[in-house]
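Before any comments, here is the structure.
Convention: sequence-line order gives letters A, B, ...; per-chain numbering from 1.
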2 protein chains.
Amino acid sequence: MVKPDRFLADLETLRGFGAAGVGKGVIRPAFSEADIAARKWLAARMEEAGLVPHFDPAGNLFGLAEGRSLLLGSHSDSQPEGGWLDGALGVIAALEVARAARAAGGPAVSVVSFQDEESRFGVTTGSAIWSGTLPLDEADPLTDHSGVRFAEARGRMAALAGDFVDPGRFTGYIELHIEQGPVLDTAGERIGVVSDIVGIRDMRITFSGQQNHAGTTPMHLRRDAFQALGAFNAAIAERFRNVVTPASVWTIGHVTLHPNASSIVPGRATFSMQWRDGDTARLARMEEIVRATAQEIAQERGLGLSFGPLLGLEPVTMDARLRAALETGAEAVAPGKWRKLPSGALHDATNVARLMPVAMLFVPSIGGISHDFAEDTADDDLVAGLEVLARAADIVGRG
Amino acid sequence: MVKPDRFLADLETLRGFGAAGVGKGVIRPAFSEADIAARKWLAARMEEAGLVPHFDPAGNLFGLAEGRSLLLGSHSDSQPEGGWLDGALGVIAALEVARAARAAGGPAVSVVSFQDEESRFGVTTGSAIWSGTLPLDEADPLTDHSGVRFAEARGRMAALAGDFVDPGRFTGYIELHIEQGPVLDTAGERIGVVSDIVGIRDMRITFSGQQNHAGTTPMHLRRDAFQALGAFNAAIAERFRNVVTPASVWTIGHVTLHPNASSIVPGRATFSMQWRDGDTARLARMEEIVRATAQEIAQERGLGLSFGPLLGLEPVTMDARLRAALETGAEAVAPGKWRKLPSGALHDATNVARLMPVAMLFVPSIGGISHDFAEDTADDDLVAGLEVLARAADIVGRG
């Protein structure tokens with residue numbers, strides 16, 4: 001059986017690598033000294049648990065059980081100013097489940113801590129490389145905000161690195177993670193079993209009107225790019241209504257006006273339009289609405305319109321068998337206190353799904369806060385997540 | 001009688017000081033070498049016309065007739081990338097009217113070219129200093145974008161400067177200017193007689209919501225600061241309807257979102273809200289609507305709200321007698337092709353109105369364009385403006 005005290009103590013030890021000194025926050029970006037030290041400590045803990053630690057060329061750390069096994073894990077790198085649980089929870093829970101399973105002679109469990117999930121270089125870089133989404137030679141020239149190249153960063157771990165691990169040795173992948181949203185916390189629930197990881201569409205849109213004097217240009221003769229954005233924003237909310245579900249989200253998070261001065265009618269407005277949903281057809285329907293609405297508004301108002309490239313990440317549906325095991329575990333550990341829900345955030349599981357069946361479960365984020373020193377989850381809920389993961393691993397392993 | 005050819009030739013000569021080499025554009029900011037050279041040339045032209053040239057400590061150049069006289073003029077400095085007519089037209093037309101009046105033995109006319117109307121240092125700096133709106137010792141520490149102080153800039157003209165001219169020697173002030181807006185050009189009219197220079201209110205407003213993950217935060221749990229701005233913008237347009245006239249304008253020209261990233265629900269939106277109208281009571285009513293609407297939206301959506309300081313410039317009504325003289329002149333020169341209209345832009349006349357009766361007239365700006373190398377007006381319309389100004393000066397002087 002898993003030991004909650006040992007699990008919580010390991011989580012606390014991991015927090016010590018790069019502890020921010022502000023609340024429980026951590027500063028442990030991929031390939032930082034704190035990150036590499038944490039990975040060396042994790043490798044030693046894996047070895048103590050009877051697993052074979054193995055670093056790959058991307059900095060991913062595996063703790064390998066003998067023969068074919070289920071793979072559990074997440075990532076141990078953090079945001080530049082991150083919380084103590086984002087990623088770390090899934091890695092330490094995997095370690096505890098693998099350790100307990102081995103002690104009990106249960107089904108074999110391997111562990112992974114992916115590298116750079118927080119996207120210092122690429123996007124979920126370590127698992128993207130392992131899954132073949134991002135070839136290593138395309139990753140090497142990627143740079144972080146200060147100009148450090150991925151090749152240079154992974155060079156710091158070169159002495160530790162062996163080859164890539166053969167994905168064929170794993171029967172599936174389960175990732176425990178904090179929700180990073182307010183749904184479970186708001187509902188007073190303890191466990192979320194993920195139905196799918198939503199897909200993303202993200203596009204820059206530019207309305208080009210006529211820059212003009214804000215005193216001498218009458219309202220009816222203006223071609224105001226900000227007003228076009230306002231009309232677009234209102235129309236989208238209206239037109240999405242018949243298409244979206246309560247799980248669909250859309251965001252205008254970035255806006256740049258030109259020349260951005262209080263006395264000048266904006267001549268240009270460039271903004272981001274991002275939408276996420278679990279259903280590819282709905283993502284496509286939303287795209288049609290976005291494009292048609294922007295075109296109508298530009299035409300009505302005599303403005304120019306341009307669309308940037310569409311960034312697209314496809315939705316990933318969780319494996320039915322792994323998910324059923326998680327649901328059985330959730331009902332045993334937190335009866336009536338769990339729900340199925342989509343993941344609105346990207347995770348390593350998105351990449352791993354190219355290689356094998358995957359599933360995910362969430363525990364609540366207090367106040368929905370993450371990517372912040374204030375990120376936290378009640379100990380009881382952390383342990384509930386651990387126990388659901390252990391039960392699911394056992395069910396799947398005995399499958 | 002005024003001589004159109006001489007007037008157009010002088011305008012062309014003035015354009016040669018700081019000619020941009022792009023269309024008819026000029027680069028002649030206040031106190032630049034081109035500006036000082038142009039003022040020296042103007043002083044010489046004034047002297048040839050029988051006026052006494054006089055520079056004051058702020059760099060304003062007067063061409064003084066003997067005894068009490070009507071004052072005509074504008075400014076000869078330009079925007080950093082400016083048009084050839086903005087200001088220059090009013091100065092050269094004044095010179096031609098004064099010259100012709102003197103030659104004909106008509107009523108005395110003086111001429112002025114104010115300095116730094118385009119606000120390199122203050123706001124309409126030269127006329128603000130002369131009118132007592134801006135004391136010279138408060139102007140001296142003002143700096144331009146590159147850190148040059150006004151004191152240093154006016155030092156370049158110190159050898160030319162005498163005392164400030166006594167405003168008591170002038171009976172009134174008339175300024176001919178390009179419209180800098182599309183009204184006359186769109187209507188195919190040739191002259192605008194200004195009814196008033198509108199007042200301005202300008203305020204920064206900030207909505208503070210909750211910065212959140214754009215994937216994991218459901219729509220109904222968001223407190224999105226950009227959405228609050230969108231709702232404010234739409235509500236203002238609706239609520240202003242019952243209050244404004246076709247001459248009222250309002251503009252959201254500046255927007256800053258925080259953190260301004262496509263994957264993050266905006267936690268903060270700071271924007272400029274500017275409105276202009278000729279009526280002080282209407283400006284106040286619009287302010288009530290702005291404040292009440294922002295408060296309602298912040299309250300409904302659970303956002304914080306803060307207002308920056310309110311910038312206020314009061315409307316200035318044109319003098320009835322001077323304006324009537326302009327209307328008589330307009331009807332004689334361009335029968336049925338002129339209108340009364342407010343000035344949405346600030347002008348030196350705003351400051352001069354503190355000292356004496358003022359009036360203004362406009363000629364069309366092709367396409368409404370100004371503050372741009374492409375700024376232009378048909379020669380016929382330039383001459384029409386000159387002739388209306390000459391007739392009005394004559395009427396007023398004999399009045």
Side-chain angles (χ1 to χ4, degrees), chain A residues 179-183 186 198 200 202-204 210-222 224 226-227 229-231 233-234 237 244 246-257 259-266 269 271-274 276 311 343-346 365 368-371, chain B residues 179-183 186 198 200 202-204 210 212-222 224 226-227 229-231 233-234 237 244 246-257 259-266 269 271-274 276 311 343-346 365 368-372:
Chain A
E179 182 198 335
Q180 301 182 269
V183 175
T186 303
V198 303
I200 304 183
D202 196 316
M203 193 160 54
R204 287 282 155 114
Q210 178 64 53
Q211 178 179 329
N212 257 323
H213 193 296
T216 60
T217 317
M219 299 308 282
H220 73 284
L221 292 176
R222 295 183 176 198
D224 182 327
F226 174 72
Q227 291 302 322
L229 164 55
N233 180 54
V244 298
S248 312
V249 293
W250 65 95
T251 307
I252 292 175
H254 174 96
V255 172
T256 304
L257 301 187
N260 210 29
S262 63
S263 285
I264 303 181
V265 177
F271 59 99
S272 62
M273 177 71 203
Q274 183 186 91
R276 304 189 189 211
L311 167 77
S343 169
L346 275 182
S365 292
I369 296 166
S370 72
H371 289 190
Chain B
E179 182 197 335
Q180 300 184 270
V183 174
T186 303
V198 304
I200 305 182
D202 196 317
M203 192 160 57
R204 288 282 154 113
Q210 178 65 53
N212 257 322
H213 192 297
T216 61
T217 315
M219 299 309 281
H220 71 284
L221 292 175
R222 295 184 176 197
D224 181 326
F226 174 73
Q227 291 302 323
L229 164 55
N233 181 53
V244 297
S248 312
V249 293
W250 65 97
T251 307
I252 292 176
H254 172 97
V255 172
T256 303
L257 301 187
N260 211 28
S262 63
S263 285
I264 303 182
V265 177
F271 60 99
S272 63
M273 176 70 204
Q274 183 186 93
R276 305 189 189 210
L311 167 77
S343 169
L346 274 182
S365 292
I369 297 167
S370 71
H371 289 191
D372 191 299

Exercise. Can you tell which of A:Gly181, A:Gly230, A:Ala261 has the highest number of heavy-atom pairs within less than 4.5 Å of chain B?
Worked result: A:Ala261
Exercise. Pick from B:Ser263, B:Pro218, B:Ala247, B:Ser272: which one has the most heavy-atom pairs with chain A under 4.5 Å?
Worked result: B:Ser263
Exercise. Is any side-chain heavy atom of A:His220 closer than 4.5 Å to a side-chain heavy atom of B:Pro246?
Worked result: no
Problem set entry | Closest approach of B:Ala214 to A:Arg276 (non-hydrogen atoms, all atoms of both residues) | O-NE, 3.9 Å
Problem set entry | Test side chain to side chain donor-acceptor pair (under 3.5 Å) applied to B:Ser370 - qualifying residues, sequence neighbours left out | B:Gln180
Problem set entry | Heavy-atom closest pair, residues B:Pro266 and A:Gly253 | CG-CA, 3.8 Å
Exercise. For B:Leu257 and A:Ile252, which heavy atoms make the closest approach, and how far apart are they?
Worked result: CD1-O, 4.4 Å
Seminar exercise, completed: Counting heavy-atom pairs under 4.5 angstrom with chain B, the leader among A:Ala345, A:Gly368, A:Ala231, A:Pro259 is A:Ala345
Seminar exercise, completed: dist A:Thr251:OG1 -> B:Ile264:CD1 (nearest 0.5 Å) comes out at 10.5 Å
Seminar exercise, completed: With chain B, the option among A:Gln211, A:His371, A:Arg222 that has the most non-hydrogen atom pairs under 4.5 Å is A:Arg222
Seminar exercise, completed: Closest non-hydrogen contact found for A:Glu179 with B:Thr216 is O-CG2, 3.9 Å
Exercise. In terms of heavy-atom proximity below 4.5 Å to chain B, should A:Ile200 be classed as side chain, backbone, both, or neither?
Worked result: neither
Exercise. Measuring heavy-atom distances to chain B, does A:Val249 have an atom under 4.5 Å in its side chain, in its backbone, in both, or in neither?
Worked result: both
Exercise. What is the minimum heavy-atom distance between A:His213 and B:Gly344, and which atoms define it?
Worked result: CE1-O, 4.2 Å
For this session: Tell me, for A:Ser248 versus chain B, whether the close heavy atoms (under 4.5 Å) come from the side chain, the backbone, both or neither.
Result: backbone
For this session: Starting at CH2 of A:Trp250, measure out to CG of B:Asp224 and round the result to the nearest 0.5 Å.
Result: 11.0 Å
For this session: Would you mind checking which part of B:Val255 comes under 4.5 Å of any heavy atom in chain A, side chain (CB onward), backbone (N, CA, C, O), both or neither?
Result: both
Seminar exercise, completed: Note: B:Asp202 and A:Ser262 closest approach over all heavy atoms is OD2-OG, 3.1 Å
